Amino acid sequence: MKVKSIRGFHDILPENIKRWHLIEDAAKYIFELYGFSEIRIPVLEFTDVFARSLGTTTDIVEKEMYTFTDRDGSSLTLRPEGTAGVVRAYIEDSMHAKSSISKLYYTGMMFRHERPQKGRFRGFYQIGAELIGPEEPASDAELVAMLWRFFEEIDLTQFLELEISSLGDQNCRPQYKEKLVGYFSPQKNELCEDCQRRLETNPLRILDCKQKRCKEIAADAPSMLDNLCEDCENHFDSVKENLDSVGIPYKINPKIVRGLDYYTRTVFEITTDQLGSQNAVAAGGRYDGLVNELGGPATAAVGFAMGIERIILLQEIALPEGFGKDVNVFIAHLGDEARQAAFTLAFNLRNKGISVETDYATKSLKSQMKRADKLGASYTFIIGEDELKKAVIKVRDMKESSEEDIKLEDIINSSDKFKS
RNA sequence: GUGCGUGUAGCUCAGGUUGGUUAGAGCACUGGGUUGUGGUCCCAGGGGUCGCCGGUUCAAAUCCGGUCACGCACCCCA
């Protein structure tokens, strides 16, 4: 019986790992420039943490969580997203008492029991950032600017669009919801089945429906942006001004609806038209009520998460040829004595920071050269009987196809020149 | 969870509709041509339970049923 991975889970193979490193390194670099520190939190939490955070009627909580009962009877869940756990840690570790502003980022695997599709997996990686404490619009703008800068850094903005909106707060959203229900109710029978249900559970979602008729009806629906209270409107205006001042290109899309209940005020999405129906590459927003909801002090916060697999797919479009291995030196050897010499030389060169590969067995020079070529070695060192006798190494520049004999001691002493 | 499509070598795919001896190609891999020289070329070699289970048949990669996996769309989202 052959073993296999679980549906919707996948391996990230060495031939692809450079793309991952590129993205992870860029995120770390940019986020730390903006003052964020990494936090590592458990993959597993009490189910309650997610149920209370995301909202009990959301799809994720209703049907997508990997939930099971622990030996002591408590219900545990594999995290479907990162924010809830970070906020739990923020509260549990009393971070509010250590500083009025916490800037945290995380990366790791998330789990959702969905039907796999292109760019959609059951086990997938996210990188996210949370800015907890400030409620001022400059914090929203800084976070969005950072996110866009990240995508500039990895050179993918050509495929992307940044959209922002505001969902209002406890003061204006309930009124707006009623207004929406009032607008849709007379036309209820023309809405699709899902939207008729949404009218009861979450009328905002109707705005995001892809059905033709629903779209037509929704086109004339009242907009949240026209119904913001004064505070929310000022907040949103200020976010936009801040983004304008640093030239971040955004579009206003009043129909943005987030799938999680905890969002308030500013919401944003970075989307692409390159990935079929999985068009969201990153998304986030403000969630001023969540910390308090989970039992912490009333604390404002903004955050986002991005799907690494989706970014990888874009990266593959942008740079299909990928990245080669960068071996500096390959050492080819002929004969037992030479193999021994190659082993010690490889050890010594690696100690000097040179990446070295060599064959373990004694093979023909030709096959060793082939391997050197395949590994993309910049130089190949050849050690045979002649070289051993003269205490030299034959150094072949693979690009130039030129060779010269260099004394063994000179190679060690000036090893830096082989680093390219 | 629903619908449609696809599963043949490590990868990309022929063959299948008209069932019939040893299931093919390209790329990749290994070795050789060049007894100490890569990237081009030539030659040779290794590698396959034809996704899995069952049915029809003298005979199934091929037809039928089921199942699993993947893909696309719905849904949802990162």
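Model, not experiment: these values are computed from the prediction. Lettering follows sequence order; numbering is per chain, from 1.
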Pull out every protein N or O sitting under 3.5 Å from an N or O of nucleotides 29-33 of chain B, one pair per line with the distance.
| unit_1 | atom_1 | unit_2 | atom_2 | d |
| --- | --- | --- | --- | --- |
| B:rG33 | N7 | A:Lys366 | NZ | 2.9 |
| B:rG33 | O6 | A:Lys366 | NZ | 3.0 |

Same-atom distance (P) from B:rC29 to B:rG39, integer angstrom
11 Å
Looking only at the side chain of A:Met369 (C-beta and beyond, no hydrogens), which of the listed nucleotides B:rG38, B:rA78, B:rG71 gets closest?
B:rG38
Could you give the CD-to-C1' distance, from A:Glu400 to B:rU37, as a whole number of Å?
16 Å
Side-chain N or O of A:Arg122 versus OP1/OP2 of B:rA69: is the shortest distance under 4.0 Å?
no
Considering only heavy atoms and no angle criterion, is a donor-acceptor pair shorter than 3.5 Å present between the side chain of A:Glu403 and the base of B:rU37?
yes
Could you tell me how the ring of A:Tyr66 sits relative to the ring of A:His113: parallel (under 30°), tilted (30 to 60°) or perpendicular (over 60°)?
tilted
Spacing between A:Arg115 atom CZ and B:rA69 atom P, to the nearest angstrom
10 Å
Rounded to whole Å, please give me the gap between CG in A:Leu388 and C1' in B:rG36.
13 Å
Please verify the inter-ring angle class for A:Phe268 with A:Phe304; under 30° counts as parallel, over 60° as perpendicular, anything in between as tilted.
perpendicular
Let me know the distance between CD of A:Glu114 and C1' of B:rU2, rounded to the nearest Å.
15 Å
In whole Å, what separates the P atom of B:rG19 from that of B:rU57?
16 Å
Taking atom types as modelled and ignoring hydrogens, do the side chains of A:Asp169 and A:His235 form a donor-acceptor contact shorter than 3.5 angstrom?
no
Among B:rC72, B:rG36, B:rG38, which nucleotide sits nearest the side chain of A:Leu334?
B:rG36
Counting N and O atoms only, with roles assigned by atom type, does the side chain of A:Ser367 sit under 3.5 Å from a partner on the main chain of A:Lys363, one being a donor and the other an acceptor?
no
Now, which nucleotide makes the Watson-Crick or G-U wobble pair with B:rG39, with each of the two distances under 3.5 Å?
none
Closer than 4.0 Å, any side-chain N/O of A:Gln117 to the OP1 or OP2 of B:rA73?
yes
Is it the case that more than 12 heavy atoms not belonging to A:Tyr106 sit under 6.0 Å from its OH atom?
yes
When you check the phosphate oxygens OP1 and OP2 of B:rG38, does a side-chain N or O of A:Arg396 lie under 4.0 Å from one of them?
no
What is the pairing partner of B:rG45, taking Watson-Crick or G-U wobble pairs with both distances under 3.5 Å in any strand?
B:rC29
Considering only the P atoms, how many Å lie between B:rA59 and B:rG66, rounded to the nearest integer?
23 Å
Under the 3.5 Å rule, do the base of B:rG36 and the side chain of A:Glu387 count as making a donor-acceptor pair?
yes
A:Tyr105/A:Phe31 aromatic ring centres below 6.0 Å:
yes
Could you please name the partner base of B:rC4, counting Watson-Crick and G-U wobble pairs only when both distances are under 3.5 Å?
B:rG71
Using the C1' atom on both, measure B:rA78 against B:rC41 and round to a whole Å.
49 Å
Regarding B:rG39, can its base be found pairing with the side chain of A:Asp373 as donor and acceptor, where the two atoms are less than 3.5 Å apart?
no
Expressed in angstrom and rounded to an integer, what is the separation of A:Glu64 atom CD from B:rA78 atom C1'?
12 Å
A:Gln278 has a side chain; which of B:rC75, B:rG71, B:rA69 sits nearest to it?
B:rC75
Need to verify one output field. Residue with the more 5' nearest nucleotide on RNA chain B, A:Phe124 or A:Ser402?
A:Ser402
Ignoring hydrogens and angles, are the base of B:rC72 and the side chain of A:Arg120 linked by a donor-acceptor pair under 3.5 Å?
no
